[in-house]
Protein chains: 2
Amino acid sequence: MTEHTVQTSKANSGAASGGHVASALSLAIHEHRLAPGTKLGEDDLGEIFGVSRTVIRAALQSLAHLQLVDIKRNRGAFVAQPSLREAREVFEARELLEPRTARMAADRATPDDIKMLRRHITDEHAAMSDGEQGKALHLSGLFHIEIARIADQSTIAAFIAALIARSSLIIALYWRRESALCESFAHHALVQAIADGDGANAEDLMRSHLVDLHSALDLRESTAPNRSLRDALRP
Amino acid sequence: MTEHTVQTSKANSGAASGGHVASALSLAIHEHRLAPGTKLGEDDLGEIFGVSRTVIRAALQSLAHLQLVDIKRNRGAFVAQPSLREAREVFEARELLEPRTARMAADRATPDDIKMLRRHITDEHAAMSDGEQGKALHLSGLFHIEIARIADQSTIAAFIAALIARSSLIIALYWRRESALCESFAHHALVQAIADGDGANAEDLMRSHLVDLHSALDLRESTAPNRSLRDALRP
DNA sequence: GGGCACAATATTGTATACAATCAAACCATG
DNA sequence: CATGGTTTGATTGTATACAATATTGTGCCC
């Protein structure tokens with residue numbers, strides 16, 4: 001089963017213990033290349049990344065703590081499938097944290113920060129133009145994390161990063177097609193408010209942006225049938 | 001070094017993979033029986049808990065994700081020593097999250113919830129009377145987590161639980177003796193507001209309670225010299 | 001043909017062995 | 001005596017072996 005090159009191979013090529021594996025998996029989830037519910041077998045991942053199950057296991061546990069994967073004892077790890085309730089909670093938490101954070105960012109942003117935010121938006125547009133929706137979604141998330149970083153509150157920033165990671169899963173599950181690319185404009189206006197140092201405006205814009213996102217989801221009991229059906233079929 | 005009873009011993013007596021170890025360590029940290037900076041050697045812990053380094057490692061990584069322990073590559077795990085900056089951030093985050101959560105709790109609390117909160121206060125008093133300050137501090141933290149649970153927001157509750165865990169370390173490092181047992185009264189008034197369903201009052205009480213806690217810490221650059229000295233001596 | 005018990009298989013949980021790395025002790029040298 | 005490099009010891013990082021558990025396939029009985 002486990003056939004690495006040799007025991008004493010390069011081994012120590014990557015970064016720190018499984019950090020690389022966790023990053024790669026996280027990116028794949030963010031970009032919607034791994035669908036919610038996907039089984040993440042340890043042997044498979046070990047072969048793919050060329051490391052032993054030990055490091056795979058550490059990476060999966062790390063992702064489980066972010067609630068990006070769900071580890072069931074003696075069953076294995078699966079890409080998480082946030083419930084409707086969890087989806088609501090995540091966006092309520094974001095609506096509680098991010099507006100205030102945006103205000104703080106507006107108070108502290110430097111010209112370099114603004115430049116980086118604008119580049120994020122440009123990259124996002126480019127990805128969208130190239131049809132790489134997954135990458136665009138990931139960049140959109142990074143935009144929010146960047147604002148938290150600018151606010152210089154690393155603790156809150158870590159929380160927001162975790163919420164955005166879960167948001168990616170939620171969007172994969174509950175997004176409804178009708179709503180579309182309003183994103184770009186909201187981000188653009190937000191950057192302008194932050195560049196102007198207008199904290200109150202940034203706070204309001206972030207709040208309404210999140211409400212827009214939230215309302216673009218189908219979070220009624222009746223919806224998300226495909227997932228429920230699968231769940232009814234498999235657990 | 002590693003001498004367990006026998007390889008095929010009981011092994012599966014506890015709960016899930018290292019969960020017991022993580023809980024025991026977490027409790028010890030909460031109750032100030034493990035001081036910030038304490039080295040947590042894997043072999044030592046393995047012998048203490050009667051499990052292999054594998055499960056110890058998983059527990060330590062779990063605690064590291066909660067920022068209760070700090071894992072330095074090739075150096076080992078240490079009980080975390082939050083910096084002044086981190087301490088400020090933790091309390092700012094709590095002041096952002098908990099008042100709103102207390103309001104939600106007031107809106108949803110049942111008589112059983114109130115009973116449980118009152119019992120927490122009673123237990124806390126009892127522990128304090130017995131001179132078990134560590135246990136009292138732990139129960140004080142559980143009180144806050146219980147409110148988040150009552151608010152029925154498990155995502156935010158998890159964040160608050162993480163913040164309270166770090167608060168325990170912060171109190172261990174930066175508490176100044178002068179301020180004393182105001183806690184009990186604040187908690188008592190808070191329970192009353194929640195029992196009355198007075199969300200606005202609960203929110204205000206929680207906010208001022210947290211501000212009191214925050215101001216009972218010595219968070220100036222000049223303070224916390226013992227820790228800086230140790231750090232200058234040892235890292 | 002449907003349903004259940006049992007065996008075979010696959011996958012995870014845990015322990016241990018080995019390799020890499022770091023810290024401190026040590027000795028040589030100026 | 002201070003200082004620098006080397007070596008020794010201890011500790012962590014990773015891989016693998018073994019044990020426990022769940023899942024799946026098969027055959028028997030009804």
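Throughout, protein chains are lettered first and strands after them, A, B, ... in sequence-line order, and every chain is numbered starting at 1. This is a predicted model, so every value here is computed, not measured.
Nucleotides of DNA chain D nearest to B/Thr54 and B/Asp44 differ in position, and the one nearer the 5' end is that of B/Asp44.
Residue B/Arg75 has a polar side-chain atom (N or O) positioned under 4.0 Å from OP1 or OP2 of C/dA23.
Under the side chain to side chain contact (heavy atoms under 4.5 Å, CB included) criterion, B/Ser62 pairs with A/His65, sequence neighbours left out. Every residue meeting the salt bridge (charged side-chain N to carboxylate O under 4.0 Å, His left out) condition with B/Glu89, not counting sequence neighbours, appears here in chain and number order: B/Arg85.
We find that CZ of B/Arg53 is positioned 7 Å from P of D/dT12, with the value rounded to whole Å. A straight line from CG of B/Leu40 to P of D/dA10 spans 20 Å, rounded to a whole angstrom. The distance between atom CZ of B/Arg73 and atom P of C/dA20, rounded to the nearest whole Å, is 13 Å. Separating the CD atom of B/Glu47 from the C1' atom of D/dT11 is a distance of 15 Å, rounded to the nearest angstrom. Distance, A/Asn74 CG to C/dT11 P: 14 Å, rounded to whole Å. In this structure, the CG atom of B/Leu60 is 13 Å from the C1' atom of D/dT11, given to the nearest Å. Rounded to whole Å, atom P of D/dT12 lies 5 Å from atom CD of B/Glu42. If you take CD of B/Gln61 and P of D/dT12, they are 13 Å apart, rounded to a whole angstrom.
If you run side chain to side chain donor-acceptor pair (under 3.5 Å) between B/His144 and each of B/Glu98, B/His120, B/Arg149, only B/Glu98 comes through.
Looking at B/Ser168, its side chain never comes within 3.5 Å of a backbone N or O of B/Ile164 through a donor-acceptor pair.
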